[in-house]
Amino acid sequence: MNVLEKPMIEYLFSLYGTTVRYATASPLLAAPVNELLRHFRRNSSEESAPLTLCLHAVQERADIPWTKSSSARQLSSGTGAAVGDRPETGLPYDVIQDGGRLIADFHNAGVLVIDGVQGRADGYLIKPESMHANLIEYLFHTALIQLLRRRGLYSIHAAALEKYGRGVLIPGMSGRGKTTSFISLLRSGYRYLSDDHPLIRDAGTHVEALPFPNKINVTEATRAFFPELRNAPDHILHHGSSKRSFHAEDLYPTSVGNCCQPAAMLFPHVVDAPHSHLELLPKSRALEVLLPQALLVYDPEVARQEFQVLARLVQQVDCYRLHFGRDILDLPKLITPLLEKGG
Amino acid sequence: MSDPLLAPPPPIALEPAVDRTMLDRIILRPSSDVQGTSMGGEMVLLDLSTGRYYTLNRLGSVIWEHCTGHSTMSDIHAVLCDRFEVVPEQALNDLVALVNQLVQEGLLQQERR
């Protein structure tokens, strides 16, 4: 084993009552995680059983201290299509259940070893000095959301905003208008929870959405819709590997929203029409479309609880298919009344 | 486009499993790994052993609601004929076809009494 043996530096975060302890010996692996969790940083923690995540820099695959056991079971695999709005994450992968651990094997990029029962994840990243920061952030986030599931905090692939104390969720893969919808609402005064992966949890009387603020990644096509993005200077709209990114507060008079009860869920798709319109979506169809944006069955009991939370979420919101036309800047006129009517 | 830690793709086609000559003796119950919820009269099912999920239409949902380990397939057929405007032969074909699929998928278990 040739894991680089340098002193580990610890960072503490608190996510809605769950302490996350992150340790790494590599400054290269520290910076993207501190950026991802910058809103959750803490100096100390009283919690006796924090979640622990460690990222380790290794020089080659053989340095990773994990070998597949004979009882390992492959859960899924992929050929390398990009994930969500982050093209840097386009990697081939295998997801393997090995004993009580979940293994996310990203081949030449590295391996995540996630032990949900122990509340611990170790990521072994091969030559991280040649990785884009977004990929490091993505690998950490992938491990983190698996551990958070066991604490009742569930991540869904969606944009999420808040207005009047009520939330709107926009689930879906990139290319469907999710980020464009998000920015259109953001610039009209909505507060943001997340552009890509808010958390949800069972609050007893209802399911609530929780902020997980992140950088907003935009394509050139999305950028072209919004004058302030077209004209934004490079120190605000940063160059990524193929997209640009910015922090919402740097460009808009907005802030991170409050934990809130979602009132509407929109499933967008782009149509070649002058005007956008909403079509009520049956709840069963909404849940069916939402499930692939959220759920992985890895621990059956955790999945059972998550399924029930997702079902309750769909029951409590109005669900719409958003036929997203060319009137992009007018989207708030269509969506805001949905939040006002029950307020 | 896929995310490694999101749910796997939907299932593929199936083969018959139910003996049509024994419908008055076959009792059905959900597998213990199946979690279901009713959404606007339609059942959404999650198989915790595979991660696959399914949506049943209204007729399928009524069938599922009666798969509680008490009713025979003949009983369920009678319910369908009573609840839906459908000729008995068609209701029977739909019932057998769906149960075949659900048994093959591991969502339902059949017992004989």
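Computed from a predicted structure; not experimentally measured. Letters go in sequence order (proteins before strands), and every chain restarts at 1. Just the heavy atoms: all of them, side chains too, but no hydrogens, waters or symmetry mates, feed the values below.
Enclosure of atom CZ in A:R176 is not indicated, since only 12 or fewer non-hydrogen atoms of other residues, nucleotides or ligands lie within 6.0 angstrom.
The minimum heavy-atom distance between B:Y53 and A:E288, with the atom names listed, is CE1-O, 4.0 Å.
Checking B:L46, B:T55, B:V44 one by one against A:L291, the side chain to side chain contact (heavy atoms under 4.5 Å, CB included) holds for a single residue, B:V44.
Here the side chain of A:Q308 pairs no donor or acceptor atom with the backbone of B:T37 at under 3.5 angstrom.
In terms of heavy-atom pairs under 4.5 Å with chain B, the best-connected choice from A:S284, A:A286, A:A311 is A:S284.
Rounded to the nearest 0.5 angstrom, B:S38 OG and A:K283 NZ are separated by 12.0 Å.
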